[in-house]
Amino acid sequence: MDADVVVVGAGLAGLVATAELVAAGRRVALVDQESTRHLGGQAWWSFGGLFLVDTPEQRRMGIADTRDLAWQDWTGTAGFDRLGPGGEDGWGQRWARAYVDWASGEKRAWLRERGVRFFPVVGWAERGDGTATGHGNSVPRFHIVWGTGPAIVEPFERQVRAGVEAGLVTLHGRHRVTGLVLTDGAVTGVRCDVLREDGVERGMPSTREVVGQAELSAQAVVVTSGGIGANADLVRRFWPDRLGTPPQDMVTGVPAHVDGSMLDPVADAGARLVNRDRMWHYTEGLANHAPVWPGHGIRILPGPSSLWLDGSGRRLPAPYFPGFDTLGTLAHLRTAEGAREHDHSWFVATRTILGKEYALSGSEQNPDLTGRSVRGVLGRVTTDVPGPLRAFVDHGADVVEADTPEKLAAVMNALVGDGDGHGEGLVDGGRLRTLLEAHDRELDNDYGKDLQTALVRAARRSRGDRLVRTAPPHRFLDPDHGPLVALRLRVLTRKTLGGVQTDLDSRALDAQGDPVPGLYAAGEVAGFGGGGVHGYRSLEGTFLGGCLFSGRAAGRALARDL
């Protein structure tokens, strides 16, 4: 044998599984179609948010959280409904229970033992659909790793590279797995195309020129190859009817190598793929003005104050406000008359809201947090518009500004190729003015019936929101807060929520629910555990955590059983 275990995929789940195996003295062959100069996969590019429950960070901010409340939120969000004997949700629900227990127990201490630290302000992502038992986080739980994605990758990469130095790990970069080797019904290795070496930088598309073949043998194989977010054909193939029709014009939130190429080989080996119609794409995507991969998009992490308009210029109904219900908003935009005809929507804000409430997802868009610069973070508070966001205003294709609603509507229409003097634009300037004036009248006193305004006021009772996330309520037409800003938003592909069904040891299961001998799966390819730990929706901060939890389970199970 070439190793005790072959791990396919050098992203976060693969690194964690490998680190656990190295700690137990097992030999690992770590295989990836990209260069192993760059480990960490998609996680390296992430904002580094983690779902944690009842933490010191929360308590310091006056947030009372419990495991029971977190489980109520998780089940209300997930909507598990494919239960019963052989149901696709059976193992996902078990994984969810185990994950919430971990997130409210050992998870934080386990990460701190590895040097991971957290930004002191806890974010409130996915604020929900307005019901206690429905979708969303009842309290802020989004803990940002100090150092973002690279800092969550670093301790596990360090363990893996130490394993290389100790002779326990061999790195097989530029090896694209094309099939699994079966011996007497058990998975005993992988077959690979060897790709030509390519010196491209991290995340950039690399050549797929094949220069040879290779086969690696082991007692077991762990597949941690990620999802399908960069494969638009697969995204559209499995796009569910409940989300309407997939847009023709999307931006891509993951590098090109996140292509789903391991799903067919795993299925050919006998593993069951479940919940493939469940996926998580964002509605707040901007085209990156400095793209790394094809169609590179960046997600806005919005505060709650912007007005959200569909492509026709009509305000979205409650509860589809910025930061509240990602998939609910996506379904509305892809199914509602007047919205579904367009592949874009709009945030309309003031310069005050832009500077106070908008952040950009990703390690490269947050150099202060990624670089662990206290001075840089403090600069966000004193800067009109932070530098990375300012670059999108100055150089991006999706941000326009104007002094009046009529002028703003004109530049919005010009941006999408409508309203160029040959007829009425999609966004009517007079109607936009009426909408903004109606919003502003709601601020004349502390009462009012506008639900979004009430939620903005409520958000500012949270110390974190008041400090760094939510602008004081103000009139959009007050020139002291101007100019007006509009951001064209497109759907940004990101996560698949289904995949290989696994038990709590990350063993891949077949159609009868039995383990496929020698085959394990972890991370996004396994629906982050069980073939669908999130059900239909996510509470955010749970994707990186799912890679950590399922990769750890796979590594520990193999270390115990081999």
Side-chain angles (χ1 to χ4, degrees), residues 124 127 130 284 300-324 329 345-359 380-386 389-390 392-393 398-415 419 425-489:
W124 196 356
R127 301 177 188 222
E284 313 99 329
I300 297 173
L301 300 171
S305 299
S306 298
L307 298 186
W308 204 333
L309 313 184
D310 65 21
S312 298
R314 298 180 303 183
R315 188 178 180 187
L316 271 58
Y320 307 131
F321 306 133
F324 279 75
T329 306
S345 62
W346 297 97
F347 279 163
V348 173
T350 63
R351 177 65 70 88
T352 297
I353 292 171
L354 181 77
K356 177 78 170 182
E357 296 196 1
Y358 284 25
R380 291 193 184 210
V381 180
T382 59
T383 302
D384 178 25
V385 177
L389 186 59
R390 179 79 252 175
F392 276 82
V393 175
D398 294 317
V399 186
V400 292
E401 297 180 304
D403 293 330
T404 69
E406 292 79 10
K407 291 179 181 178
L408 187 67
V411 292
M412 291 164 71
N413 291 327
L415 185 62
L426 287 172
V427 180
D428 178 82
R431 188 169 63 184
L432 179 59
R433 175 176 285 278
T434 298
L435 176 63
L436 298 182
E437 288 176 343
H439 167 274
D440 290 357
R441 291 189 191 102
E442 291 288 304
L443 301 179
D444 288 342
N445 54 63
D446 291 335
Y447 299 96
K449 65 180 180 180
D450 186 272
L451 180 58
Q452 185 175 357
T453 300
L455 290 170
V456 168
R457 286 170 168 158
R460 283 183 57 81
R461 291 201 294 269
S462 162
R463 296 174 193 171
D465 270 5
R466 190 178 186 89
L467 180 65
V468 299
R469 204 74 181 106
T470 304
H474 59 274
R475 292 169 177 79
F476 275 56
L477 296 180
D478 182 346
D480 289 341
H481 294 282
L484 294 169
V485 183
L487 296 92
R488 177 179 59 178
L489 312 174

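Sequence positions, counted from 1, serve as the residue numbers for this chain.
- Across all their heavy atoms, Pro322 and Phe324 have their closest contact at O-CD1, 3.2 Å.
- Side-chain contact between Asp465 and Arg460 is absent, with no heavy-atom pair separated by less than 4.5 Å.
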After noting the C-alpha distance and the side-chain angles of Arg431 and Leu435, does the key distance pass the side-chain contact (heavy atoms from CB on, under 4.5 Å) rule?
-> CA-CA 6 Å; Arg431 188 169 63 184; Leu435 176 63; 5.9 Å; no
Determine, stepwise, if the pair Val485 / Val399 fulfils side-chain contact (heavy atoms from CB on, under 4.5 Å).
-> CA-CA 7 Å; Val485 183; Val399 186; 3.9 Å; yes
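- Counting heavy atoms from C-beta outward, Leu307 and Phe347 have side chains that stay 4.5 Å or more apart.
- Contact record, Pro473 with Val456: CG-CG1, 4.1 Å, taken as the closest heavy-atom pair.
- With rounding to the nearest 0.5 angstrom, the CG atom of Asp480 is 10.5 Å from the NE2 atom of His474.
- For the atom pair CG (Leu389) and CG (Leu354), the distance works out to 4.5 Å, reported to the nearest 0.5 Å.
- A donor-acceptor pair shorter than 3.5 Å can be found between the side chains of Ser305 and Glu357.
- No donor-acceptor pair under 3.5 Å is formed between the side chain of Thr383 and the backbone N or O of Pro386.
- Scanning both residues, Ala318 and Leu451, for their nearest heavy atoms gives CB-CD2, 3.8 Å.
- One side chain, Asp450 or Thr453, offers a donor N or O that lies under 3.5 Å from an acceptor on the other.
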Verdict with reasoning, Arg351 to Val385, per side-chain contact (heavy atoms from CB on, under 4.5 Å) | CA-CA 8 Å; Arg351 177 65 70 88; Val385 177; 3.5 Å; yes
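- No side-chain donor from either of Gln452 and Arg457 sits under 3.5 Å from a side-chain acceptor of the other.
- Proximity of a side-chain donor or acceptor of Asp310 to a complementary backbone N or O of Ser345 within less than 3.5 Å is not detected.
- Between the CG atom of Asp478 and the CG atom of Asp440 there is a distance of 8.0 Å, given to the nearest 0.5 Å.
- Side-chain contact between Leu408 and Val427 is absent, with no heavy-atom pair separated by less than 4.5 Å.
- Closest heavy-atom contact between Ala409 and Asp428: CB-C, 4.2 Å.
- Put simply, the side chain of Asp403 does not reach to within 4.5 Å of the side chain of Leu484, judged on heavy atoms.
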Any chance you could lay out the salt bridge (Lys or Arg N to Asp or Glu O under 4.0 Å) test for Asp444 and Arg475, step after step, and finish with the verdict?
-> CA-CA 9 Å; Asp444 288 342; Arg475 292 169 177 79; 2.7 Å; yes
For His481 and Thr352, what are the C-alpha separation, side-chain angles and deciding distance, and is it a side-chain hydrogen bond (donor to acceptor under 3.5 Å, both in side chains)?
-> CA-CA 5 Å; His481 294 282; Thr352 297; 2.8 Å; yes
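- You'll find the side chain of Leu489 stays beyond 4.5 Å of the side chain of Trp346, heavy atoms only.
- Using a 30° and 60° split on the angle between ring planes, His439 and Phe476 fall in the perpendicular class, above 60°.
- Checked against the 6.0 Å centroid criterion, the rings of Tyr320 and Trp308 do not qualify as a close aromatic pair.
- When every heavy atom of Arg433 is checked against every heavy atom of Leu477, the shortest pair comes out as NH1-CD1, 4.1 Å.
- Inter-residue side-chain proximity for Arg469 and Leu301 is flagged as met; some heavy-atom pair is nearer than 4.5 Å.
- Lys407 contributes no side-chain N or O that, together with a main-chain N or O of Glu401, makes up a donor-acceptor pair within less than 3.5 Å.
- Side-chain contact between Tyr358 and Leu487 is present, with heavy atoms from C-beta onward closer than 4.5 Å.
- When all heavy atoms of Pro302 and Ile300 are compared, the closest pair comes out as CD-O, 3.1 Å.
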